[in-house]
Amino acid sequence: MLMASITRNELHPTHVSSIQNNSTSSEIPYGSYVLSVTYDGSKRTACLKMYYPKTRKIFLSHDNTGHLPYCFSNLSKEELEKINKLRNHPGFDHMELSKKYDPLMDKEVVMTKIVAKDPLAIGGRYSNHIRDIIPKAWEANIRYYNCYTYDQQLFLGMPYRVENGNLLLAEYHLPQDINSDMKKLFEAEDETFRNYIDSWMKLFQYPIPSIYRVALDIEVAQPVENRIPDSREAKEKIIAVSLVDSDKKKRVLLLKRPSVKMGKGDLSQVDVEFYDNEKELILEIFKILNQYPVVLTFNGDDFDLRYIYNRALNLGFQRHMIPIELQLRSTSLKYGIHIDLYKFFFNKAIQIYAFRKKYSRLTLNSVAKSILGIGKIEIETSPSRLTYVELVNYCLMDSELTFQLTTFDDELVMKLIIVLMRISKMPIDDLIRQGVSSWIRNLMYFEHRRLNILIPRSEDILHLKGQTTTKSIIKGKKFKGAIVVNPKPGVHFNIAVLDFASLYPSIIKIYNLSYETILCSHSECKLNMIPDLPYWVCNKRKGLFSTIIGSLRDIRVKWYKKKVKDYSLTRSLRNLYNVVQLTLKVLLNASYGVMGAENFTLYCPPLAEAVTGIGRYSITKTIEKANSLGIEVVYGDTDSIFLKSPTQHQIDELLSWSEKELGMELEIDKHYRYSVFSTLKKNYLGVYDNGDVDIKGLTGKKRHIPDFLKTAFMEMISILGEVKSPSDFERAKIKIKKIIRTCNDKLKKKQYNLSELALNIMISKTPDKYVKTTPQHVKAALLLVNAGYEIRPGDIISFIKTTNDLGVKPIQLATIREVDTNKYRNYLESTFEQVLDALSMDFNEIMGIQKLESFFSNAS
DNA sequence: ATCTATGGCAAGCCGA
DNA sequence: TCGGCTTGCCAT
C-alpha cells in the first residue's frame, strides 16, 4: 500500500527542496538506496529517505499510508453480522475477505479486513466501536502493523528505480561463478531451501554504496568540573563544534569569548571559523545538518543533538526552524539520518560477535583505542579553560575518532549496518538503536507477510506449545542449557580442539525446529521424538524458522567463511565477504536465544529447550564415540571437545562418524601445543603451536582486576608461551616464582601507584537502586557521590582496598598510605593459584622460600 | 516500542 | 561462623 501509492508527482522533496540545489528532477533516480522509512502514526504518513550515491543527496518522500485496515482472523458468523451493521458508521469504507495460512493450526483461515474511510478514524472513536463489537478479535493483529514493511515488501538498504511512478527493486543478477557455486553446494537441498539461498545471495551481493557523511561533536562551557552538562536544560553555551566528513574536510566552529587566548599550535589542517554569537553558530550547524545524508555522533541521541535542539529553543528558535526531531530515547534529523555510534557499539551482540569483545568500556576513547589503536587527548581541566588552539584540537579529535569508527577496515561498520538492514529489513534509524531480537523479529515477520502466513500472537504460541519441562542447573533460569565437561586438571601436551560449526543453528536446521513444527498438531508426527525430551517435531512441513536460519547458516559456513580465506580474491572483496560472514554470525548466534526470551514475540520455550537438549545429546554422544575410539577427552563445553594426542586417523573417524550419525559438521577448530587445566570449568589456558596463548575465564584476565595483577599475570603467560616441551617447565617455573615474588615485594614496599592497585568494576544501576546488598564498588561510588561526583549506570568505578572501616575508597579520594596490603596479597594468591595448581606449584611455598631467601640476602 | 540464552567462577554481603 | 544470595565478568 505504501509503495503502490507513490506516484511521480508525489515524489517531491518537501521542506528541504531548497538545499537540493543540483537536483531539478523530483523523481527518485535509478539506484537510490532506501535507508529509512519512518511512520508518523498520528498522521498516517510515512517518510521515506532514499540515498542517491551519485549526487550524494537524500530524497525525501512524505507519503500517505492511506487507509490502514484492521485484519481479523476466523471471525464467527455473529461477529461478521455485527461488522456488517457497522457499514452505516461514517468511518467505515469497505470490508474484504481473504485467506491466510495459519501456521499453528496448519490450515487456511479467513481474514476479515475492515477498511476505514478516513485514516484518522483508526485509533479514534471508530476503533473503539470495533473493539466493542468484537472484543476477541480486537486482540488479533494490531501488532501486525508496527512493522516497517507493511503490505509492500520493501527491501531496506537496496537500490530502487522508478518506473511508471512505482518503486521497483533495481535488477541485479548474480555472477555466473557464484550461481554455479550455489548449485554445486546446495544440489541436495529442496527447492524452497535453494530459493532462500538464492535470494539471500542476491541481498548480500548487491553493491554496497559508500555513504557521504559527517561526524559531529560539540563542546559546551562547563562552569563546574566533574559535572556533565545537562542536554535537557542546555543552560551553558555551545563553545565549539567540530566536523569531519567523507571528503576528509575538517572544520571547527568556535564561539568568540572575550577571556580566551588563542594559544599556540598548528591548525593548518583545519578550517577554523569564529562566530560572534551563539545564534549564528547554531544557524551554521543547522546548515550542516541539512547538507549531509548521514550525520555520525558518539552519544548524539542523548547529548550532542539533543543539546543543540534545546539550546536552540533557549535562544529563541522556533521548532520548525530546527532540523532536528527529538524522540524519547533518540534524536533524528529531518533531512538526513542520524547514526549514534554509541548505540550501535553498545549492542551486546555487536560487541561480542562482530568485535570479539575488543573494547571493554563504552567510551569513545576506549572503543577507539581498542579498535583503531588511537586514543583521545586527555585534558586536565574543563574545555572552558582551554585556549582556542587546545580547544580546536580537543574537540576535533572526538569527531575524527567518531568518523574513523566508520571507516576502518574498508568501512566495515557502514557495510555491517547496510548488510544488517538488508537481512532484517529495518531502517538504519531503528536498526542501530535496537537489539538483535528486533532484527530477528522483523526478519521473521517479513517472511510471514511475503508468504501470506498469519503472524501468530505470543499468547497463542505459548498456549499451544506450553512451558518448559526441564530444570535449569542455575537457579532462576527457565530451562536446562548446555553441558560443560569436568576438566582433567594438569598440563596436557598436544591437544586438538574439535567443535561443531555453529551448533545451535545446525540443530535448528537439521531437526526442522520452528515454533510451528515443534509439538505440531498432527498425530502422525508424534513418533518423531526429540532425544531425551517429551517433544516431537513435524515431519510433514518444513519449519519457517528452520529454513531461514538453516539457509543463513549454510551460506555462512559453506561459502562466506571459505571465501574470506581465499587469497586469490582481492583484499576488498575478501573484506566484503568478511562483513557478510560477521553479520550472519551475529544473527545466527542470537537465533536460538530469542526463542527462549519472554520478550520475543515468537517466544517458544519448548523450542529453545529442544535446541539445548539436542545440543546436550550431540556432545554426549560425541564424547562417548571419542572414548570408544580410544581418545582421551580432557575437556568440553557446549559444542567443543578437547582431545589429548589423538592420531589423525582417530580424528578422521570421529569427524565422519559425526557427519553420518548426527548429520552435523564436526571440525578441527584449533590445536594447542599444550594446555593447562585446573579443576574449574570454563577456566583454562592453551598455548598454540606458534606460542600464542589462549586464556579463558582465568581471573588474571578479567576486566575488573587491578592492573598490577594483570601485568604480572601476563608476564607469566608470556613465559608459558615459550614452553615447548615438558622439560622446559622447570626453567619456566623458576621464572614464574620470580614474578610472583617481585610482585609481592613491590606490594609490601608500596611501590605500586594507586591506579595500578585500583579495581575497576562497572556499576549497572544508580547507587541508590542497590537495595539487597551494597557491594564494594557501590560503597566507593557512594563516597564519590558525597564528594560531588556524578555517577551514572554503566560507569566504571575505580576503587582501592583500604584499611578504613568501609574497606574501600574510590581512587579519586584514596591515598597510598591507606592501602590494605593484606587484601592485595590475597588477590595475588587467588589469581595465580588457578594456574599454579595445575603446574603443581604452591603459592605459600613460593612465599615461604622467599622469606628464607630474603633472610639470607639480608644476612649477607 | 524492548533487553538473545544458560553455565560457571570469585568475592562479598547479610541474616541465621 | 556458615551458607544462601547478589553482583559482575566471562565461556559458549
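A note on names: the letters A, B, ... follow the listed sequences, proteins ahead of strands, and every chain is numbered from 1.
Distance, L680(A) CG to dA11(B) C1': 14 Å, rounded to whole Å. Rounded to a whole Å, the CG atom of L698(A) is 10 Å from the P atom of dA10(B). For the pair I508(A) CD1 and dA5(B) P, the interatomic distance rounds to 14 Å; values are reported in whole Å. Here dA10(B) presents its P atom at 11 Å from NE2 of H704(A), a figure rounded to the nearest Å. One interatomic measurement links the two molecules: CD of E609(A) to P of dG7(B), which rounds to 11 Å at whole-angstrom precision.
Here K772(A) reaches the OP1 or OP2 of dT6(C): one of its side-chain N or O atoms lies under 4.0 Å away. For the pair S764(A) and dG8(C), the criterion of a side-chain N or O lying under 4.0 Å from OP1 or OP2 is met. Distances shorter than 4.0 Å separate none of the side-chain N or O atoms of K823(A) from OP1 or OP2 on dA11(B). Under 4.0 angstrom from either OP1 or OP2 of dG8(B) there lies no side-chain N or O belonging to K475(A). For the OP1/OP2 pair of dC13(B) and a distance below 4.0 Å, the side-chain nitrogens and oxygens of T773(A) include no atom meeting the criterion. Phosphate contact (OP1/OP2 of dT12(C), side-chain N/O of K696(A), threshold under 4.0 Å): present. R441(A) has no side-chain polar atom (N or O) that falls below the 4.0 Å cut-off from OP1 or OP2 of dT4(B). Considering only side-chain N and O atoms, Y770(A) lies nowhere under 4.0 angstrom from the phosphate OP1 or OP2 of dC14(B). The side chain of K681(A) contributes an N or O atom lying less than 4.0 Å from OP1 or OP2 of dG8(B). One finds no side-chain N or O of Q434(A) lying less than 4.0 angstrom from the OP1 or OP2 phosphate oxygen of dC3(B). A close approach under 4.0 Å does not occur between any side-chain nitrogen or oxygen of H777(A) and OP1 or OP2 of dT7(C). Remark: K801(A) is in phosphate contact with dG12(B), judged by side-chain N or O atoms under 4.0 Å from OP1 or OP2. The phosphate of dG8(C) (OP1 or OP2) has no side-chain N or O of Q776(A) nearer than 4.0 angstrom. OP1 or OP2 of dA11(B) lies within a sub-4.0 Å distance of a side-chain N or O belonging to S830(A).
For N599(A) against dC3(B), a side-chain N or O and a base N or O form a donor-acceptor pair under 3.5 Å.
For the pair K471(A) and F479(A), the NZ or CZ position fails the cation-pi test of under 6.0 Å to the six-membered ring centre and within 45 degrees of the ring normal.
Atom CD1 of I432(A) is separated from atom CG of L341(A) by 7.0 Å, given to the nearest 0.5 angstrom.
When the options Q327(A), R306(A), R433(A) are evaluated for a side chain to side chain donor-acceptor pair (under 3.5 Å) with D301(A), the one that passes is R433(A).
Picking from dA5(B), dC14(B), dT7(C) the nucleotide with the shortest atom distance to the side chain of K478(A) gives dA5(B).
Distance alone, capped at 3.5 Å, is enough to place a donor-acceptor pair between the R616(A) side chain and the G481(A) backbone.
Aromatic pair F642(A)/Y684(A): centroids less than 6.0 angstrom apart.
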